[in-house]
Number of protein chains: 2
Amino acid sequence: MAGDRPPLDDPSCHHAGPSPVDEILSVEKAQRMAEFFGVLGDPNRWRILSALALSEMRVGELAAAVAMSESAVSHQLRILRATRLVSYRKQGRNVLYCLKDDHVFNLYREASDHLDEPPEE
Amino acid sequence: MAGDRPPLDDPSCHHAGPSPVDEILSVEKAQRMAEFFGVLGDPNRWRILSALALSEMRVGELAAAVAMSESAVSHQLRILRATRLVSYRKQGRNVLYCLKDDHVFNLYREASDHLDEPPEE
DNA sequence: ATAACATATGAACAACTGTTCATGGTTTAA
DNA sequence: TTAAACCATGAACAGTTGTTCATATGTTAT
């Protein structure tokens, strides 16, 4: 595709480690990726996730912690459950939510690193 | 917040490594996170990124590779540039795009791992 | 200069997303 | 058994997003 181009030791074109991608993503795979990252594309969901990173919480506590209506929080939790980003357990009439695993931590760190990088030009 | 709860050695509630978050994300920080991940929340942008993971490409080549109009690709590249996910260099009337760094690789791997995990229940 | 090529951009419209509001289902307490 | 507390869900509406279409800018070739 681009094998017949003038020799380029382009400093802005990083190709350090081996790419995990060996061909263009299929539309299906791209769709799944997009759906997952789209869930992380909402500020209130990040606030909810960060609250759960501190401790498990009931829906009402969460709503108070992030200053949202309980309904709105519940709707978002439904999405976070479907994406398996949070886990929950029922205790009587309460439902305790918590983070499912630490994938979200790694994603947070990676994004933070990227955002903290200098504009460079 | 949740310190006075029955002893819970909840297996579904992971708290392995230290959390990178020590308080609920501010709305500003949450907003920046969401904007970044929102960019990764589109399937066509993932196809473009995966194409650029293979080799640097001109806009026209990209458009052909991912089967989109050149205009649509250009619009998306604008967003990917603003997010510093891609880099570019002009060569005459052509513009060669490539991935800026390998943060996107790590994010891809992390997401893939998460998506490949068993439903668990 | 003129034409053809390569890419970028603005406006507009359809599709999607997240909230609010109203309601329903469970569980505890009186 | 009522009533209250806690949470979930459906509909609807506003705001956002991504594409297409038309047009503009800049570059190479004739």
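Chain A is the first sequence line, chain B the second, and so forth, proteins listed ahead of strands; every chain is numbered from 1. What you see is a predicted model, and the numbers here were worked out from it, not measured in a lab.
- Distance CE (A/M68) to P (D/dA8): 13 Å, rounded to an integer number of Å.
- To the nearest angstrom, C1' of C/dT7 lies 14 Å from CD1 of B/I48.
- An OP1 or OP2 oxygen of C/dA8 is reached within less than 4.0 angstrom by no side-chain nitrogen or oxygen of B/R78.
- At a cut-off of 3.5 angstrom, the base of C/dT19 holds no donor-acceptor pair with the side chain of A/S69.
- Applying the 4.0 Å criterion to OP1 and OP2 of D/dC7, one finds that A/S74 has every side-chain N and O outside that range.
- In this structure, B/R45 reaches the D/dG18 phosphate: one of its side-chain N or O atoms is under 4.0 Å from OP1 or OP2.
- Using a distance-only test at 3.5 Å, with no hydrogens or angles considered, a donor-acceptor pair links the side chain of A/R47 to the main chain of A/V66.
- Between the B/D42 side chain and the B/R45 main chain, a donor and an acceptor come within less than 3.5 Å of each other.
- A donor-acceptor contact under 3.5 angstrom links the side-chain atoms of A/S71 to the base of C/dC21.
- For the pair B/Y88 and C/dA6, the criterion of a side-chain N or O lying under 4.0 Å from OP1 or OP2 is not met.
- Looking at A/R81, its side chain never comes within 3.5 Å of a backbone N or O of A/Y88 through a donor-acceptor pair.
- Formation of a donor-acceptor pair under 3.5 Å by the B/T83 side chain with backbone atoms of B/I79 is found in this model.
- Remark: B/N44 is in phosphate contact with D/dT19, judged by side-chain N or O atoms under 4.0 Å from OP1 or OP2.
- Side-chain N/O atoms of A/Q76 include one lying less than 4.0 angstrom from OP1 or OP2 on C/dT19.
- Straight-line distance from the CD1 atom of A/I79 to the C1' atom of C/dT17: 8 Å, rounded to whole Å.
- Taking atom CZ of A/R58 as the reference point, atom P of C/dT26 lies 20 Å away to the nearest angstrom.
- The distance between atom CZ of A/R89 and atom C1' of D/dC6, rounded to the nearest whole Å, is 16 Å.
- Using cut-offs of 30° and 60° for the angle between ring planes, the B/W46 and B/Y108 rings count as tilted.
- Each of A/H75 and A/V95 was matched to the nucleotide of DNA chain D holding its nearest heavy atom; the match closer to the 5' end belongs to A/V95.
- Look at OH on A/Y97: it is 4 Å from P on D/dA8, rounded to the nearest Å.
- In this structure, B/N94 atom CG and C/dC5 atom P are separated by 13 Å, rounded to whole Å.
- Rounded to whole Å, atom P of D/dT30 lies 10 Å from atom CZ of B/R93.
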